[in-house]
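Beneath this line is the structure, given in structure tokens, with notes to follow.
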Amino acid sequence: MQPILVFIETSDGQLRKTSLEALSEAKRIGRNINVEVIALIIGDKIASFANELSSYGADKVLVAEGGDFKDYNTAKYTRALLTAVNKTNPTALFLSATPSGKDLSASISAELKLSALQDCISISYENGVFTVRRPVYAGKAIITVRALKTPAIITLRPKVFAVGVPENKNVSVGNLQVALTADDQRVGLKETVVTAQKKVELTEADIIVSGGRGMKAGENFKVIEELAQVLNAAVGASRAAVDSGWRPHTDQVGQTGKTVCPTLYIACGISGAIQHLAGMSSSKWIVAINKDPESPIFKVANYGVVGDLFEVVPALCQELKKPC
Ligand SMILES: Cc1cc2nc3c(=O)[nH]c(=O)nc-3n(C[C@H](O)[C@H](O)[C@H](O)COP(=O)(O)OP(=O)(O)OC[C@H]3O[C@@H](n4cnc5c(N)ncnc54)[C@H](O)[C@@H]3O)c2cc1C
């Protein structure tokens, strides 16, 4: 049977955890149905990741390396992925449901004239068919979808699938020769703007402290930042806070922001509109701090504090700072 091909992403010179999640899930399924797992890594100076990829479950590693692939580029990466698909003829293609993974999955789907199954939260393989579960209607329902054609193009929601325990093993590494066309090179990256502060990436954070309109002003987010620092958490925001200019759009959680799945999500001064819940309701534990006991956020919260966040959050911070 044909292999499972996994697209691997790097960030800041490291393999992205979401890619290790996808690789570990491919390994779990691959071992069950006895198919090979091939990791495809695209970039510049990335061949050294091969050993790490093999330890997380790759039976083979394909490397598309060179200056052309230094930065993510839809056309060039699609060409590399298409070359890998043609070379390996996979039964399934796994990508992370990150911005690049979603972009690339859409682009490769168009090339292959297939559908992509986006943002999946479980994957199984039965009777020769991949079946996935994925949230729809802003997280209100979960649908089960079968991929009737191959390769099944599947993006995996970050932080849903566990990263396996690394094993010591050596695998074959192949260089993928990619013939870029003139069309692939039409668009290039002009500038990358890096945020001044090194922050914990929202979609990969284990703990998120978010603020909403209840924060009342941008400068008040310092209480959220302080709590986030104590918990080594990322800071998130509702759209109301972002639209008010208090936080950048990169912090927005929800339907038109990021989908997050942390172990702990603390919502401060957020009412819990359906569009916000769409981005965070799959968090493992939800704590809501809100002065209105009727606020809908309490319907999804595991723990709720009815009170003024400007009293509750600093008090929580003080408690957490105390030595155990
Ligand atoms: C197409 C579309 C897409 C959208 N996408 C998103 C999205 O991606 N993300 C998103 O968040 N929203 C999104 N929205 C907007 C969404 O509908 C809500 O308007 C928004 O989530 C409200 O943000 P909020 O909860 O911060 O504000 P509000 O709904 O105004 O709630 C503020 C809360 O703060 C509480 N509060 C006030 N003061 C205090 C205090 N001192 N202490 C404690 N609590 C206090 C209040 O009781 C209230 O519950 C979208 C809307 C549309 C139409």
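All values below come from the heavy atoms of this structure, side chains included, with hydrogens, waters and symmetry mates left out. The shown structure was predicted, so the numbers you read here are calculated from the model rather than taken from an experiment. In listed order, ligands and their atoms are each counted from 1.
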Neighbour count above 12 (heavy atom, 6.0 Å) for Lys159 NZ
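Check passes, neighbour count above 12.
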Fill in: CG (Asn34) with more than 12 external heavy atoms under 6.0 Å
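Atom CG in Asn34 is not packed in, count stays at 12 or less.
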For [X], atoms of ligand 1 separated by under 4.0 Å from a heavy atom:
X	value
Val253	7 (C), 8 (O), 9 (N), 10 (C), 11 (O)
Gln255	7 (C), 8 (O)
Ala273	16 (C), 17 (O), 18 (C), 21 (O)
Asp308	40 (C), 41 (N), 42 (N)
Gln252	6 (C), 7 (C), 8 (O), 9 (N)
Gly307	42 (N), 43 (C)
Gly254	7 (C), 8 (O), 9 (N)
Ser295	49 (O)

Please classify the Ser271 to ligand 1 contact at 4.0 Å (heavy-atom distances, strictly less than): side chain, backbone, both or neither.
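Answer for Ser271: both.
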Side chain, backbone, both or neither: which part of Ile274 comes within less than 4.0 Å of ligand 1 when only heavy atoms are counted?
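The answer is neither; Ile274 stays 4.0 Å or more away.
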*Between Tyr77 and Tyr72, is the gap from one ring center to the other below 6.0 Å?*
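Yes, ring centres under 6.0 Å apart.
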Could you tell me the residue and atom name of the protein heavy atom closest to [atom], and the distance to it rounded to 0.1 Å?
atom	result
atom 53 (C) of ligand 1	Gln275 NE2, 3.8 Å
atom 33 (C) of ligand 1	Gly269 O, 3.4 Å
atom 44 (N) of ligand 1	Lys291 N, 3.2 Å
atom 24 (P) of ligand 1	Ser238 OG, 3.6 Å
atom 37 (C) of ligand 1	Gly214 CA, 3.4 Å
atom 22 (C) of ligand 1	Ala240 CB, 4.0 Å
atom 46 (C) of ligand 1	Asn290 OD1, 3.6 Å

ask   = Testing Glu21, Glu201, Glu204 for side-chain hydrogen bond (donor to acceptor under 3.5 Å, both in side chains) with Arg16, which one passes?
value =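 Going through the options one by one, the only one that passes is Glu204.
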Spatial distance of atom [atom1] ([X]) from atom [atom2] ([Y]) [nearest 0.5 Å]:
X	Y	atom1	atom2	answer
Thr98	Lys258	OG1	NZ	11.0 Å
Phe310	Lys291	CZ	NZ	9.0 Å
Leu148	Leu114	CG	CG	11.0 Å

(Q) Heavy-atom contact check, 4.0 Å cutoff: does Lys216 meet ligand 1? (A)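 Flag set, Lys216 near ligand 1.
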Q | Any N/O pair Gly212/ligand 1 closer than 3.5 Å | A |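 No; the residue has no nitrogen or oxygen that sits under 3.5 Å from a nitrogen or oxygen of the ligand.
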Have a look at Arg213, His276, Arg239 and point out the one with the heavy atom closest to atom 19 (O) of ligand 1.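 Looking at heavy atoms only, Arg213 sits closest to atom 19 (O) of ligand 1.
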On a heavy-atom basis, I'd like to know which of Val242, Leu309, Thr256 is closest to atom 5 (N) of ligand 1.
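Looking at heavy atoms only, the winner is Thr256.
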ask   = Any ion pair linking Glu294 and Lys299 (charged N to carboxylate O, less than 4.0 Å)?
value =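 Judged by the 4.0 Å cut-off on N to carboxylate O distance, Lys299 and Glu294 do not form a salt bridge.
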Notebook entry, point to check: Using a distance-only test with no angle check, is there a side-chain donor-acceptor pair under 3.5 angstrom linking Tyr265 and Ser210?
Noted result: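 Note: Tyr265 and Ser210 side chains meet the donor-acceptor criterion.
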Would you confirm whether [X], through its side chain, and [Y], through its main-chain N or O, come within 3.5 Å as a donor-acceptor pair?
X	Y	answer
Asn302	Ile286	yes
Asp184	Thr181	yes
Ser24	Gly164	yes

*asked:* When you measure from the centre of the six-membered ring of Phe221, is the NZ or CZ of Arg247 closer than 6.0 Å and no more than 45° off the axis?
replied: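 Judged by the rule, Arg247 and Phe221 form a cation-pi pair.
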